[in-house]
Amino acid sequence: MAAKKSPFFDTATTLGKVVAFFGISALCGVLAAGMLVPIAAIAKTGLTTGNNIVSALPSSFEKLPIPEPSTILDADGKTIANFYQQNRQPVKLDDISPNMRKAIISVEDERFYEHKGIDPKGIARAVVGNLTSSSRSGASTLTQQYVNNLLVNNQELTGSTESTVSGQKDYADKIRELKYAVAIEKEMSKDEILEGYLNLVLFSGREYGVQAAAQHFYSIDAKDLNVQQSAMLAGMVQLPNVYNPLNNPERSIDRRNKVLGNMYRAGAITKKEYDKAVKSDLDLKPSKSQSSGCYSAGDDAFFCDLATELVLQNESLGKTREDRENMLYRGGLTIKTTLNSKLNQKAAKDARKAIDPEAKSNTDVASAIVSVEPGTGNILAMAQNTAYDPAGGHGKTTLNYSVERSLGGAGGFQAGSTMKPYTTLAWLKEGHNMWDTIDATRQDYSGSYRWRASCLDGGSTRTYDNWHVGNASRGFARKMKVNYGLKWSVNSATVAEAAKLDLCNITDYTEKLGLLDYDSGEGKPISPAAPAFVIGTPKITPLAQAAAFAAFANRGEYCEPRAITSITDKDGTDYKVQKKSCSQEIDPTYVADLNGTLKSIATDRVSKGRVSGPIAGKTGTNNWSTSTWFVGYTTGISTAAWVGRVNATAAEEKNTLQGSMINDQRASMVLDSSTYAAPLWVDFMEEAVHEYERNNFGSARRQPPPPKPKEEDDSKSDSDEKDNDKEESKEDPKPKEESSPKPESDNKDKGNGNGNGNGNGKKSDD
């Protein structure tokens, strides 16, 4: 009768197959670090045949991408923010100190360069130690540890429920790890495995990889680690929290010195190096790792928030928002943006100067400023007076006042008189001129008055209730030229123009220039159904304002605003981003005519010599001054400055900023665009204009001279070098200032209200 074959050596049995696979004698009938593997225990896994454990396993596994932080950069390549779940900065092995390489090998796997992924001697030693001692020791090689970290990474990426964390693995898990270690050794060189391990392993908290660890604890690069620094970091790998030198310095030193002892015994360092190193202090020079996300972006945080949202909406980065978020936090993306961060710091400083976020009175009063480059649509600056903080509180928010709600914004504010240029453009389009005289005496329109609107059913619209337009100052209800009415922002003048126009020609321009009304919360094209839109009832975002006025700066060419110029992952793959998109939307002749007047507003009424020209722009204030604006530009930069209420935005007396407490002081009863918004614009643009071109806007058409009487001397010219504004000033000077009537409030549904501030005769209809 043949002798019965021992299960330890019988390759037909599960245990025998494992033993044969790893070349381990049946000395103790065990496998792995601290693992006694009796047949009964293996049987519990349900793997009862030899093929189920080893043969059934694939010879290799898919190594999913290692998580790397994504970085958002400004236009010059400066880091704005990092996004990560694991703070990791992968480096090549040549960029890791030889001291560090020796230290990790000495303490974790001294025969790393000798074995083929599994160390039989190490396993035997661990087994003997575990049988003869109450302590438990491991025998995992660096290759096995690398495999285990890769499996953990795969598990996190795929959402697998199986555990690969030490202490939670069953025997099948360990066997799988061993087989994959052998496979990895066939696919990768020892140096590649060591490099991968040192870039993958956790050192503390969210610091993964030796480069991030070196920066975090010593503020140096991994290539510059000395002997004792290397030993300290290598010692942390086993228990990162326990041996963290910041929290447990004594344990950390003790562990470091044990690693130094290993290094000395292994011949990695000399006795002199050892003696010097063990006597040294930790000598930590910790640096705070940049926090993940926009919170750490400082003044650039609100632009960062916009860029982040655009990434999360970019379908080329993944099918679902969750997929795209995973790419942002783990995919090692480099996201290059349009931001001029130096200029943006100036914008944020000026926004805080205008409205102090720390002032107790400013609980619902804020400021925002945003700039766009004409000709590209690139967003150059986007800042506000508040701090970016998800926790909220006084002067803190994550709500971006410059953009719509779908992008994390407030959803716009009433535009006031910044809407008036679009009526002027329609006036020019329908064949009229800036020097035409209009009758601005009329301030009341009955509810039955028919306003021409060819794009609406029936070709017209009505307000249904009486609409009292109202001017902010008395004395403007008279005849005047179109350019004069626009310069002094006279409500009754703009409405008189609109009454002679097709309202759809006005909204055609607002649509072409990207303006949406967010009054309902959802952005919709501005409707001509309620005629009061011509003097400012729609809620417009500051970003849209800056982009639309950039078309005035660029001879009528509109460019869609954009924040991101490229997205590239760590492998060099490029992803789709919004490309530059520009189109000619306004006749350059009309733009030149319009700019002839808007230049006068910006130069004479707002800048008064502080901002180098040529400059142009338009003021804007809604009823009760809950929203005030100045939107102005050069040919190189267009900027919208806004100051107003964030929550109580309705143009009602109870929400008025006139005479309210702002910056802990009583504000003027005459509060309009000139009070806060225009000074904010001037403070910012005074420096900003010097970074971009300032070319001429083109010449406005002049009023032809009247026919000469026959008796007049032919040598005399009526058109000598007088611009329309100067001529208008002589013919129709600004009226004497008087008190204004009780202010009106908006009723946007019925087209009522003047959409402007309510002054006391000391201001125009902003």
Side-chain angles (χ1 to χ4, degrees), residues 70 72 74 80-81 83 293-295 297 299-318 320-322 324-325 327-328 333 335-339 344 347-348 351 366-373 376-390 392 396-413 415 513-526 538-548 550 558-565 567 575-581 638-640 642 644 646-647 649:
S70 292
I72 296 182
D74 72 2
I80 297 173
F83 292 79
C294 294
Y295 180 76
D299 291 337
D300 299 333
F302 292 97
F303 176 87
C304 172
D305 190 76
L306 169 64
T308 302
E309 185 58 39
L310 292 173
V311 168
L312 296 179
Q313 293 184 19
N314 187 335
E315 294 183 358
S316 73
L317 292 167
T320 67
R321 188 178 179 91
E322 183 180 1
R324 299 188 284 268
E325 187 171 9
M327 279 290 290
L328 177 63
L333 302 176
I335 303 160
K336 191 166 184 180
T337 71
T338 60
L339 185 72
N344 201 58
S367 60
I369 188 164
V370 57
S371 297
V372 169
E373 184 177 39
T376 66
N378 291 347
I379 301 171
L380 305 175
M382 178 177 285
Q384 57 195 58
N385 68 317
T386 58
Y388 186 90
D389 193 337
K396 301 175 182 178
T397 186
T398 57
L399 193 66
N400 188 337
Y401 302 148
S402 293
V403 300
E404 61 267 29
R405 291 178 185 174
S406 67
L407 293 174
F413 308 96
L513 299 185
L515 297 183
L516 296 175
D517 185 359
Y518 287 92
D519 186 52
S520 65
E522 180 183 352
K524 298 179 179 178
I526 295 172
K539 284 188 174 181
I540 310 295
T541 66
L543 176 57
Q545 291 269 45
Y558 171 74
C559 299
E560 295 180 9
R562 65 174 188 157
I564 298 174
T565 56
I567 300 176
Y575 295 86
K576 291 182 180 179
V577 296
Q578 178 186 350
K579 295 181 179 180
K580 172 184 170 182
S581 178
S638 173
T639 298
W642 169 87
V646 176
N647 297 310
T649 59

With distance as the sole test, does S371 use its side chain to make a donor-acceptor pair with the main-chain N or O of T639 at under 3.5 Å? no
Shortest non-hydrogen separation from Q313 to L407 and the atoms involved: NE2-CD2, 3.7 Å
Any side-chain heavy-atom pair from V370 and F303 closer than 4.5 angstrom? no
Are any side-chain N or O atoms of R562 and backbone N or O atoms of G377, one a donor and one an acceptor, separated by less than 3.5 Å? no
Steps toward side chain to side chain contact (heavy atoms under 4.5 Å, CB included) verdict (L328, S70): CA-CA 6 Å; L328 177 63; S70 292; 4.2 Å; yes
Of all residues at least two apart in sequence or in a different chain, which pass the side chain to side chain donor-acceptor pair (under 3.5 Å) check with Y295? none
Parallel, tilted or perpendicular: rings of F413 and W642 (30°, 60°): parallel
Does D299 use its side chain to pair, donor to acceptor, with the backbone of N344 at less than 3.5 Å? no
If only atom types and distance count, is the side chain of N378 paired as donor or acceptor with the main-chain N or O of L380 below 3.5 Å? no
Within a 6.0 Å radius of atom CD on E315, are there more than 12 heavy atoms belonging to other residues, nucleotides or ligands? no
Distance in Å, N385 CG paired with I369 CD1, rounded so as to fall on 0.5 Å steps: 11.5 Å
Applying side chain to side chain contact (heavy atoms under 4.5 Å, CB included), run through Y401 and T386 and close with a yes or a no. CA-CA 10 Å; Y401 302 148; T386 58; 3.7 Å; yes
So which atom in A547 and which in C559 form the shortest heavy-atom distance, rounded to 0.1 Å? CB-O, 4.4 Å
For side chain to side chain contact (heavy atoms under 4.5 Å, CB included), just list the numbers for V403 and M382, CA-CA rounded to whole Å, side-chain angles, deciding distance to a tenth of an Å, and then say yes or no. CA-CA 10 Å; V403 300; M382 178 177 285; 3.9 Å; yes
Of the non-hydrogen atoms in P542 and A640, which two are nearest, and what is the gap between them? O-CB, 3.5 Å
Ion pair check, E560 and K579, cut-off under 4.0 Å: no
Report yes or no: does S367 contribute a side-chain atom to a donor-acceptor pair with the main-chain N or O of A351 at less than 3.5 Å? yes
OG of S638 to CD of Q545: how many Å apart, nearest 0.5 Å? 9.5 Å
Verify the distance criterion only: is there a donor paired with an acceptor across the side chains of S520 and E522 at less than 3.5 Å? no
Between Y575 and N314, do the side chains contain a donor N or O and an acceptor N or O under 3.5 Å apart? no
Show the nearest heavy-atom pair for residues C304 and A297, with the distance to one decimal. CB-CB, 4.2 Å
Interatomic distance, CG@L515 vs CD1@I540, rounded to 0.5 Å, equals 5.0 Å
What's the shortest heavy-atom distance between I379 and L306, and which atoms? CD1-CD2, 3.8 Å
Nearest-0.5 Å distance, CD of residue Q578 to CG of residue L310: 8.0 Å
Who pairs with D517 by side chain to side chain contact (heavy atoms under 4.5 Å, CB included), at least two apart in sequence or on another chain? D519, I526, P538, K539
Say whether, by atom type as modelled, one donor and one acceptor occur between the side chain of T565 and the main chain of K336 under 3.5 angstrom. yes
Taking side chain as C-beta onward, heavy atoms only, is V311 less than 4.5 Å from R324? no
Once you round to the nearest 0.5 Å, how far does CG of D305 lie from CG of N400? 6.0 Å
To the nearest 0.5 Å, tell me how far D389 CG sits from T397 OG1. 9.0 Å
Strictly distance-based, threshold 3.5 Å: is any side-chain N or O of Q384 a donor or acceptor partner for the main-chain N or O of L399? yes
Quick check: do C294 and F83 have side-chain heavy atoms less than 4.5 Å from each other? yes
Side chain proximity check, D300 to D74, heavy atoms < 4.5 angstrom: no
Minimal non-hydrogen separation, A307 against I72, with atom names: CB-CD1, 4.3 Å
